[in-house]
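Accompanying notes for the structure given below.
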Amino acid sequence: MKQTEYKDVSLSEVHGTVEVNQNGSRWKQVFSFFGPAYLVSVGYMDPGNWATDIAGGSQFGYALLWVLLMSNLMALLLQSLSARLGIVRGRDLAQANREAYPKPINFCLYILAEVAITACDLAEVLGMAIGIQLLTGLPLIYGVIITALDTFLLLTLQKLGMRKIEMFILGLIAVIGISFLLEILMARPHFGEISRGLIPTLPNSAALYIAIGIIGATVMPHNLYLHSALVQTRKIKREESFIRKALKLNFLDSSIALNMAFLVNAAILILAGAVFFKSGHAEVASIREAHELLSPLLGSKIASVVFAVALIAAGQSSTVTGTLAGQIIMEGHLHLRINPILRRLITRMLAIIPAVIVIGIAGEQQVDQLLVLSQVILSLQLGFAVIPLIHFVSNKRTMGKFTINKITKFFAWTIASLLVFLNMKLVIEEGGTFFSQPGNGIWKILLTVVALAAITLLLYVFIHPWVGKLPHTETAMHGKEPIITRLEIPKFRKIAIALDFSRHDEKLLAFAIGQGGTESTYILIHIVESASARMLGKQSDDLETRNDQERLDKYQETLEAGEFKAITRLGYINRSREIVRIVREEQAEMLVIGAHGHTGLKDFIYGETVNTVRHELRIPVLIVNL
C-alpha cells in the first residue's frame with residue numbers, strides 16, 4: 001500500500017516520540033504500544049458516567065450490568081476503528097473530516113465537536129467540584145473555581161513527554177480502581193446475583209430509560225478523535241507487516257484498557273445495587289446522595305472519603321484527555337494552532353461559566369440536572385463522529401489492504417444505527433417534558449429549527465461519502481506544499497546588533513557579518529541600565545554611560561579596521577523598547593540579538609527581551625543562542 005507523507009501531524013509536540021523497539025523482544029514491543037487506550041479509557045469512567053451507573057444500580061440492582069458490558073463491546077469496536085485510521089493513514093479523525101467534506105460541513109462538524117468537548121469538560125468540572133466539596137466541605141462554587149487551576153497541569157506533563165502523561169493517567173485510574181475495590185469489599189455483594197445481571201433483561205420502561213442513559217454516557221465522541229491521534233505517538237515502520245502488528249497490539253491495548261473501564265463502571269453500579277437497592281434506597285440518583293448514604297449504610301466513614309477521592313481522580317484524569325482532544329479537533333478541522341495555555345483556558349472557561357451561573361442563580365441542587373444535560377449534549381454529537389469514522393476505515397482507496405472486512409463493517413453500522421437511535425430517543429424524551437409545558441414559544445421554535453438542521457447535517461454526513469469523492473481534499477496544516485520556482489536571496493544594507501558587552505559580543509558580530517559582508521552597515525546598539533540612565537535617559541552622563549560609549553567606539557574601530565562600515569547607538573531606561581526604537585529610527589533591515597536561555601523565574605528577574613523585541617519588529621530577527 002502506498003503511504004502518503006504529511007508535513008503536519010496530530011499532537012506535533014509528542015508525535016512519533018515513543019520509540020518502538022522493532023528488533024527487541026516481543027514483550028518489549030507489546031509494552032511500547034501500551035498507553036494510548038488508557039488515556040482514552042478515562043472518558044468511559046468520568047463523572048458523567050457515575051450518575052447513570054448510580055441511578056441504574058440503586059433502582060434495579062445488578063439487572064443492568066449487561067447494558068454496561070454491551071456498551072463496552074460497542075466502545076471497543078469503535079475505538080479499534082479509530083486507532084486503525086490513525087495507524088494506517090497517519091491522520092486523526094478531525095484531519096480526515098477536513099479532507100473528506102466541503103468547508104461549510106467541516107466547519108459545522110468542528111463546532112459540534114467543540115460543543116462536545118465543552119459538555120465533557122462541564123461534567124468533569126462539576127465532578128471534581130463535587131468531589132472537592134465532599135472531601136473538604138467547601139461551597140460548590142469555590143470547588144468549580146478551583147478546577148481552573150488544573151489548566152497548566154497538562155502543559156507541564158506534555159513537556160515531560162508522552163510516556164509521563166500515560167503514567168500519570170494510569171496512576172489516576174489505579175486510584176479509581178483501588179477506591180472502588182475497597183468500596184466493594186466493604187459492601188460485600190452477592191456474586192451469584194451479580195452474574196445474573198449479565199443476562200439481558202429489562203424490568204420495566206424505566207429500566208429502558210436508564211439503559212439508554214448508560215449507553216449514551218459510555219461512548220463519547222471526543223474519544224474517537226483522541227484515539228486516532230494518540231496512536232501516532234508511536235514511531236513505527238511504514239511497512240505492511242509492521243502496520244499489521246501495530247494494529248494487533250493496539251487492539252490488545254484497547255481491550256485491556258476498556259475492560260478496566262468496564263470494571264470500574266460495573267463496580268459503581270454493583271456498589272449502588274449492593275448498598276442502596278438492597279437497603280430500599282432506590283431513589284438515590286445523584287452523586288452527593290450516594291456519598292452521604294455510603295458511610296451510614298456501610299458503617300464506615302472511610303467509604304465516603306474513598307468515594308470522594310475517586311471522584312476527584314476521575315474528573316482530573318478526564319480533564320487531561322479532554323484538553324488533548326480539544327487540541328486535536330481545533331488543529332485538524334481548522335488547521336489552527338494556538339497557544340496551548342490559551343486553548344486550555346478557553347475550554348475551561350466555557351465549562352466554568354455556565355456552572356457558576358447555574359449554581360449562583362438556581363443553587364447547588366440544580367447541579368445534578370446540569371450534569372445530566374452535559375451527557376445529553378454529548379449524546380447529540382455521537383453520530384457526527386461515528387458515521388464519518390466508519391466511512392473512512394471502509395474506504396479502499398485510502399486504507400488499501402487495511403480496510404475493514406464486511407463482518408466488521410456490518411457490526412460497525414449496526415452499532416452506529418443503534419447509538420444514533422437510542423441517543424435521539426433519549427434527547428426526544430428529555431425534550432418532551434419541555435415541549436409539553438405551556439409558554440416558551442420562541443425557545444420551542446428555535447430548538448425545533450436546531451433539531452431539523454442537525455438531522456439534515458447528519459443525513460448529509462452519512463450520504464456524502466457514497467455520492468461524492470472521498471477524501472475531498474488532502475491538505476497539511478500549512479496548506480499544500482508550494483512549488484519553488486525561484487529563490488530571491490535578500491541583501492541587507494543595514495544590520496542592527498544588540499550588544500551586552502559580554503564575552504558573547506564577538507559571536508553576535510560574527511553572525512551579523514555573515515549575513516551582510518562588507519556591503520552592509522552595522523548598527524552597534526547597547527542599552528545603558530545604570531541608575532542615572534534610568535532616571536535621566538539621554539541626559540545621563542555618569543561613568544557607566546561614558547564607558548559604554550567608549551566600548552561601542554572601540555567595537556566600531558575594530559570593524560572599520562576590517563573594512564566594515566559601522567555606527568554606534570546608545571539606548572536608555574527600557575532595554576526592549578529602546579532596541580525597537582533605535583532599529584526603527586536607523587531603518588535597519590535585520591536585527592541580530594542574543595538569547596541566554598532564561599526561563600521562568602530568571603525571565604522575571606532579568607527581563608525577557610527577545611520575545612518582546614521580535615513581536616514589535618516587522619523585519620527579520622536573527623536570534624543567536626549564547
CA sep, side-chain torsions, deciding dist, call: Leu202, Phe60, side chain to side chain contact (heavy atoms under 4.5 Å, CB included): CA-CA 9 Å; Leu202 287 171; Phe60 305 104; over 6 Å; no
Mind running side chain to side chain contact (heavy atoms under 4.5 Å, CB included) on Gln381 and Leu112 for me, showing each step along the way? CA-CA 6 Å; Gln381 319 302 319; Leu112 290 172; 3.1 Å; yes
Any chance you could lay out the side chain to side chain contact (heavy atoms under 4.5 Å, CB included) test for Arg98 and Tyr110, step after step, and finish with the verdict? CA-CA 9 Å; Arg98 181 180 174 88; Tyr110 163 72; over 6 Å; no
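To the nearest 0.5 Å, atoms CG (Leu457) and CG (Leu452) are separated by 12.5 Å. Taking CD of Gln79 as the reference point, atom CG of Leu258 lies at 6.0 Å (rounded to 0.5 Å). Of the inter-residue distances, the one linking Ile387 atom CD1 with Leu419 atom CG reads 10.0 Å to the nearest 0.5 angstrom. Within the model, atoms CG of Asn97 and SG of Cys108 stand 12.0 Å from one another, a figure rounded to the nearest 0.5 Å. Note that NE2 of His227 and CG of Asp92 are 12.5 Å apart. Values are rounded to the nearest 0.5 Å. Distance check, rounded to the nearest 0.5 Å: CG of Leu271 to CD1 of Ile54 gives 8.0 Å.
Checking side-chain atoms of Asn265 against main-chain N and O of Ala261 turns up a donor-acceptor pair under 3.5 Å. No donor-acceptor pair under 3.5 Å is formed between the side chain of Arg91 and the backbone N or O of Ala96.
Residues satisfying the side-chain contact (heavy atoms from CB on, under 4.5 Å) criterion with Phe251, sequence neighbours excluded, are Leu76, Ser80, Ser255.
Here the side chains of His333 and Asn106 are in contact, with some heavy-atom distance below 4.5 Å. For the pair Glu114 and Met330, the minimum side-chain heavy-atom distance is below 4.5 Å. Taking the side chain as every heavy atom from C-beta outward, Asn259 and Asn72 approach each other to under 4.5 Å. Considering only heavy atoms from C-beta on, Tyr142 stays 4.5 Å or farther from Ile132 through its side chain. Between Leu418 and Met74 there is a side-chain heavy-atom pair separated by less than 4.5 Å.
When all heavy atoms of Ala229 and Ile328 are compared, the closest pair comes out as CB-CD1, 3.3 Å. Taking both residues in full, the closest heavy atoms of Ser82 and Leu224 are given as OG-O, 2.5 Å, listed atom of the first, atom of the second, then distance. Scanning all heavy atoms of the two residues, the minimum distance from Pro189 to Tyr62 falls at CB-OH, 3.4 Å. Tyr225 and Leu109 get closest at one heavy-atom pair: OH-O, 4.5 Å. The two atoms that bring Ile415 and Leu78 nearest to each other are CG2-CD1, 4.1 Å, heavy atoms only. Closest approach of Ser228 and Val231 over heavy atoms only: O-CG2, 3.6 Å.
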